[in-house]
Asker: 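Sharing a structure here in structure tokens format.
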Amino acid sequence: MGGRDGVLIAVAALVAVMTPPVSAYGAHPVPSTHGPDPVSIDRLPELPGPAGGPGGRPLPRGERAGSEQVRLSLPEVWCGQVGSGDNLQQELANGMHKYHAVYAVPSDGLDRFALVATGLHVDLLQASALIERVYGRALRLDMGTSCGPQFVDISAVRLRSSTSALAALAGSPDALFNQVAADLRAAGFGLITAGDTYAAAAARTKNLIVWLDGPSPSGVCGQGMEYDDPSRTLENWNNLAGKLALVFRSSGGFCNSNTVRHEIGHNLGALQPGAPSAFDGAHCNDAYEDTMCYSQAPRRATGEYHALYFDYGNDDYWDPAGGALPHWTVNLSRFVCPSVDCNLPGGSSGGGLLDSDTDGIPDALDPCPTTPGTACPAGADATANRAGSARARVSRRRMRGGRWRLRIRVTGRGRARVVVKCRRRTVYRRAVSIPRTVSRRVRCRPRPRVTVTALRPDQRR
């Protein structure tokens, strides 16, 4: 909400009931928060908010929605009946694993839910909007209130901790985060703990996005749980429910939708420490406009902070088109819908990950995604030739006359396409075998952009 408070039209439906995870796989990683994120992640502009009027608009019959159609269909204000539990009766049937929204206030704090509910509703929809615009997919949200399935289900929870108790912890953000998590567990929410096993975790279906209307640490906007688990399997711990994304207040209002998307990104496993641009093990440093990067990253386009990319270059936490990175990526998450309209009544989403051959193995993990089963008969699929993996380390040296000297070290397996662009103009393009070092001089007044994409064996360039 970027320092603003929304205006309530009716009042809300509420609290998510979940429980903690447990491991059938023996030893497992411990949930981490990587510490709080600074207020710099809260910079404007945000993506445009929903524009479907106070009640929303139905999807045109027979039409498959795009991101702009979704925006024009979702309601601009929140409506619902206030409660403290997850509204299961009116819940939109848009898949099993999703994000439930919570407004949390200290035990003795002023309840301002009626003033902020619309802002929370809008921020969560804006957080999904970038993924909808860039990838044609969406964050799966818990939708449905007494006013209809098109409104975000928001729980209003009074914590057991007092304002003074939380204020005493505000100097230590991790301690404050842990106390809020403990209070939410006491209120019936099954958040993950270090002692949980995989089996119990896998039984949960919802993560929490929580706005704390109380004492906040100085100079920070949010904090989110994440697992250091790079394994590229559906059993990845980042693919389980019971995680918390927490948004704080800053400058009189809650930090905005960029913060919401950033903290949810952490929950979903962005970034893993081994990602090429993960400079601190949890954030990228390759694009100022990337949701998961900090503000010291270089500007790549318009300079709209966090509002252009969800993984600039698709080389850190989202797979490139037609390829796959060698570690866990957010596009594998069961909390990301396979279509853009899953949060709309009548949307086409329902299920989980893209699975073209309906064999239960998502396309991104299936060696033969259009032939059921794990065996790939010769000639059965063009994509049985699944792409290998490719990552790159790029060094750039500026020379006189607008020239640059590039050294691109490509690692991974298989073959890759190396493309160098000056603004929108391609100045170099070549397919190479991996590993390979490409040394090249190019003319470009701005900083040239380098992308490296893994190729399938049947792709020449």
Side-chain angles (χ1 to χ4, degrees), residues 11-23 31 33 78 80-114 116-117 120-121 124 140-146 151-163 165-166 169 175-215 222-225 237 240-248 260 263-264 267 334-335:
V11 214
L14 322 173
V15 172
V17 182
M18 311 162 226
T19 332
V22 191
S23 175
T33 71
W78 187 86
Q81 183 178 0
V82 179
S84 61
D86 190 355
N87 186 351
L88 300 176
Q89 289 187 330
Q90 277 96 25
E91 184 170 322
L92 178 66
N94 61 342
M96 182 179 296
H97 294 86
K98 59 187 75 173
Y99 263 87
H100 182 77
V102 175
Y103 168 78
V105 64
S107 61
D108 58 345
L110 175 65
D111 187 340
R112 300 185 316 119
F113 182 83
V116 303
L120 309 188
H121 163 89
L124 189 51
R140 185 179 283 109
L141 308 179
D142 188 2
M143 306 289 292
T145 73
S146 57
F151 299 95
V152 174
D153 184 13
I154 312 174
S155 297
V157 177
R158 190 167 286 280
L159 303 175
R160 63 181 180 180
S161 296
S162 65
T163 300
L166 294 178
L169 298 174
L176 178 61
F177 183 93
N178 291 337
Q179 185 60 55
V180 171
D183 287 0
L184 289 167
R185 291 187 192 99
F189 295 89
L191 294 174
I192 268 176
T193 68
D196 291 334
T197 65
Y198 190 92
R204 308 303 165 216
T205 60
K206 291 179 181 175
N207 287 337
L208 297 185
I209 173 69
V210 177
W211 288 265
L212 176 62
D213 198 357
Q223 200 162 352
M225 289 181 180
W237 279 79
L240 301 179
K243 293 190 289 298
L244 169 63
L246 185 60
V247 179
F248 298 118
V260 174
E263 302 310 334
I264 287 177
N267 282 177
R334 52 173 53 105
F335 295 91

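Please read all numbers here as calculations on a predicted model, not as lab measurements. Note: hydrogens, waters and symmetry copies are ignored here, and every other heavy atom, side chains too, is used. Sequence positions, counted from 1, serve as the residue numbers for this chain.
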Asker: Indicate the atoms forming the closest heavy-atom contact of T193 with R185, along with that distance.
Answerer: CG2-NE, 3.4 Å

Asker: Using the test side chain to side chain donor-acceptor pair (under 3.5 Å), find all partners of T163 that sit at least two apart in sequence or belong to another chain.
Answerer: D108

Asker: To the nearest 0.5 Å, what is the distance between CD1 on I192 and CG on L240?
Answerer: 6.0 Å

Asker: Could you verify whether a donor N or O on one side chain and an acceptor N or O on the other, from E263 and N267, lie under 3.5 Å apart?
Answerer: no

Asker: Could you walk me through whether L208 and H100 pass the side chain to side chain contact (heavy atoms under 4.5 Å, CB included) test, one step at a time?
Answerer: CA-CA 5 Å; L208 297 185; H100 182 77; 4.1 Å; yes

Asker: If I take atom CG from residue L184 and atom CD from residue Q179, how far apart are they, to the nearest 0.5 angstrom?
Answerer: 10.0 Å

Asker: On a heavy-atom basis, which atom in G222 and which in F248 lie closest, and how many Å separate them?
Answerer: N-CD1, 3.6 Å

Asker: Tell me whether N207 contacts the main-chain N or O of K243 through its side chain, where contact means a donor paired with an acceptor under 3.5 Å.
Answerer: yes

Asker: Could you tell me whether a side-chain N or O of R158 sits under 3.5 Å from a main-chain N or O of G109, the two making a donor and an acceptor?
Answerer: yes

Asker: Do R140 side-chain atoms and R334 backbone N/O form a donor-acceptor pair below 3.5 Å?
Answerer: yes

Asker: CE/M143 to CG/N94 distance, rounded to the nearest 0.5 angstrom?
Answerer: 8.0 Å

Asker: To check you understand the geometry: which heavy-atom pair defines the closest contact between A104 and V210, and what is its length?
Answerer: CB-CG1, 3.9 Å

Asker: Quick one: closest heavy-atom pair of P215 and L176, and the distance?
Answerer: O-CD2, 3.7 Å

Asker: Rounded to the nearest 0.5 Å, what's the gap from CG on N178 to CD on Q223? Could you check?
Answerer: 8.0 Å

Asker: Tell me whether R204 contacts the main-chain N or O of H97 through its side chain, where contact means a donor paired with an acceptor under 3.5 Å.
Answerer: no

Asker: In the structure I gave you, are the side-chain heavy atoms of L120 and I209 within less than 4.5 Å of one another anywhere?
Answerer: no

Asker: Would you compute the distance between atom CG of L110 and atom CZ of F113 and round it to the nearest 0.5 angstrom?
Answerer: 14.0 Å

Asker: Could you pull out the closest heavy-atom pair between L88 and K206, with the gap in Å?
Answerer: CD2-NZ, 4.0 Å

Asker: Are the side chain of Y103 and the backbone of D111 linked by a donor-acceptor contact shorter than 3.5 Å?
Answerer: no

Asker: Checking D183 side chain against L159 main chain: does a donor-acceptor pair fall under 3.5 Å?
Answerer: no

Asker: Return the set of residues passing ring pair (Phe, Tyr, Trp, His ring centres under 6.0 Å) with Y99 (not counting sequence neighbours), or none when no residue passes.
Answerer: F335

Asker: So F177 and L244, do their side chains get closer than 4.5 Å, heavy atoms only?
Answerer: yes

Asker: Heavy-atom distance under 4.5 Å between the side chains of S162 and S107, does that happen here?
Answerer: yes

